[in-house]
Amino acid sequence: MVLAAGQGTRMKSRTPKVLHEVAERPLVSWVLHAAHQAGVARTCAVLGHDRERVKARLQNCIDRLSLEFAYQEEQVGTGHAVRCALASIAARKANDANPWILILYGDCPLIRSEQLRRLVRETSKSGSDLGLFTCVVENPGAYGRILRQGGRVIGIREYKDCTEREREIREVNPGVYLVRRSFLEQAIDALTSDNVQGELYLTDIVEAAARASGAHDIQAPMTEFFGVNDRADLAVCEQEMQSRIVAQHQHAGVTFRSPKNVFVGAEVKIAPDVTIEAGVELRGQTVIESGAHIETGTILSNATVRQNAHLKPYCVVAESEVGEHASVGPFAHLRSGTVLGSSSKIGNFVETKKTTLGKESKAGHLAYLGDGMIGERVNIGAGTIFCNYDGIQKHTTVLEDDVFIGSDSQLVAPITVKRGAYVASGSTVTRDVPSDALAISRVKQDNKEGYASRLRARFKGSQTPEDANSKTEKPSK
Ligand code: UD1
Ligand code: CA
């Protein structure tokens, strides 16, 4: 059972707390993944606040889990949430030979499956009906406090219900429980809301277990269980998750030049021998193949970077593919649908969208290439613009193999420049260019000899006295 019905008031957000993300995955989905990896057969998420939204999001990001939903109309406590889940799984009567139920909170994304397996292993051997983790921490904050007597756990006191002395206890409840189903059903039935918050506390079942079969406790470090209640907690979890993700990639052969200063989403795949520099963000389903080099400040979302490609500093790449040995940037913007062929080159201040660039083709400086189909070995000069939009529709520019586009040309789409053709610098091309032709469309140049000094004299003659004064005040060259 994963409890995720609360709003998370302390987040001060329109988004339900459990949908806030760490490494691009909702908090609750980390918990579900951990349960799944630990071998849990059936999962029931308890939803309540904004439940349709939470449900839709979970169905989007967790496909392979056998996930069920239970509903808690009013969020009147974690014990009540479990009551709702029990009713729901009983109603479904699916194959539940398993006598143990693992209960997790949806706001604790750092839980690892190894810990969950350990809890299952040890509790089922212990003879107790209930097993739980406890953590000793420097600053116990608002966590529930672990009460012990003669060394044994005898209960949990919620922070708000604690006496001053109890608040000094530094052993806290991270909120992970394994409970025998038969015991859980009866203990949840017996819960009362006789506490400061008037809620049904799940934590009260620990005292009931301690009285009956005993509660089996395992001490573990808090880094595994940190719960998110506000934005500061969220940032702590993000930091911890980032260091885990980076460590995993390092272990797999990836170099991070500034490992604390990158962002890597949970779904990103990076091959060995990739080098990633400071300030890089890798988001979504980005895939980076071996030998690639991603320089400072580059942001990749859902991008595929092929072997040995080089992304220079400060590029933004989304939903695009960069071919083998291709080079991009600095300061390039590859928008959705860009596919760069092998050994191609996109230089600084070039923007592309829905454009394929063939093998060894180049656009080195200051260009807009939108809706283009560019062949191999094409050279696109500085300042070239694909005029792809007429205000209503987008049109395609086709440049066949070995075409040369001179600097500062505008290609007004739809248009095709055929194989090997040449467009002269500064041309506005509106008609297709045949193979091997030169297209030139610019006003013929006229040189008027000696005209420059006549012009200067004329301009001086038209100066006002003020202009003349301001001129003399400036230091002369
Ligand atoms: C809870 C524990 C506390 C523990 C802490 C660990 C209780 C009573 N207290 O407190 O001992 O130290 O977690 O993080 O269990 N939820 C529901 N329905 C509800 C209330 C909550 O589904 O009616 C869900 C929330 O969505 C959340 C989780 O349960 O994911 C925990 O609820 P929260 O209010 O954050 O509990 P804490 O006060 O942190
Ligand atoms: Ca909490």
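Indexing begins at 1, ligand by ligand and atom by atom, following the structure's order.
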_Check against side chain to side chain donor-acceptor pair (under 3.5 Å), Glu199 and His80_ = CA-CA 8 Å; Glu199 291 187 349; His80 183 259; over 6 Å; no
*Which protein N, O or S atoms lie under 3.0 Å from the Ca ion (ligand 2)?*
Asp107 OD2, Asn229 OD1
*Describe, in one word, how the ring planes of Phe133 and Phe225 are oriented to each other, choosing from parallel (under 30°), tilted (30 to 60°) and perpendicular (over 60°).*
tilted
*Specify whether Tyr71 and Phe69 have parallel, tilted or perpendicular ring planes, treating 30° as the upper limit for parallel and 60° as the lower limit for perpendicular.*
parallel
*When you check the side-chain N and O atoms of Asn302 and Gln285, is any donor under 3.5 Å from an acceptor?*
no
*Give, for atom CG of Asn261 and atom CZ of Phe263, the distance between the pair rounded to the nearest 0.5 Å.*
13.0 Å
*Atom CD of Glu224 and atom CD of Gln115: how far apart are they, to the nearest 0.5 Å?*
4.5 Å
_Given 3.5 Å as the limit, does a donor-acceptor pair link the side chain of Thr384 with the main chain of Ala367, or not?_
no
*Check each protein residue for a heavy atom under 4.0 Å from ligand 1 and list those that pass, ordered by chain and number.*
Leu3, Ala4, Ala5, Gly6, Arg10, Lys17, Gln72, Gln75, Val76, Gly77, Thr78, Ala81, Tyr105, Gly106, Asp107, Tyr143, Gly144, Glu158, Asn173, Pro174, Tyr201, Thr203, Asn229
*From CA spacing to verdict: side chain to side chain contact (heavy atoms under 4.5 Å, CB included), Ile205, Leu184*: CA-CA 8 Å; Ile205 68 169; Leu184 182 66; 3.8 Å; yes
_Under 4.0 Å between a side-chain nitrogen and a carboxylate oxygen: does that hold for Arg306 and Glu289?_
yes
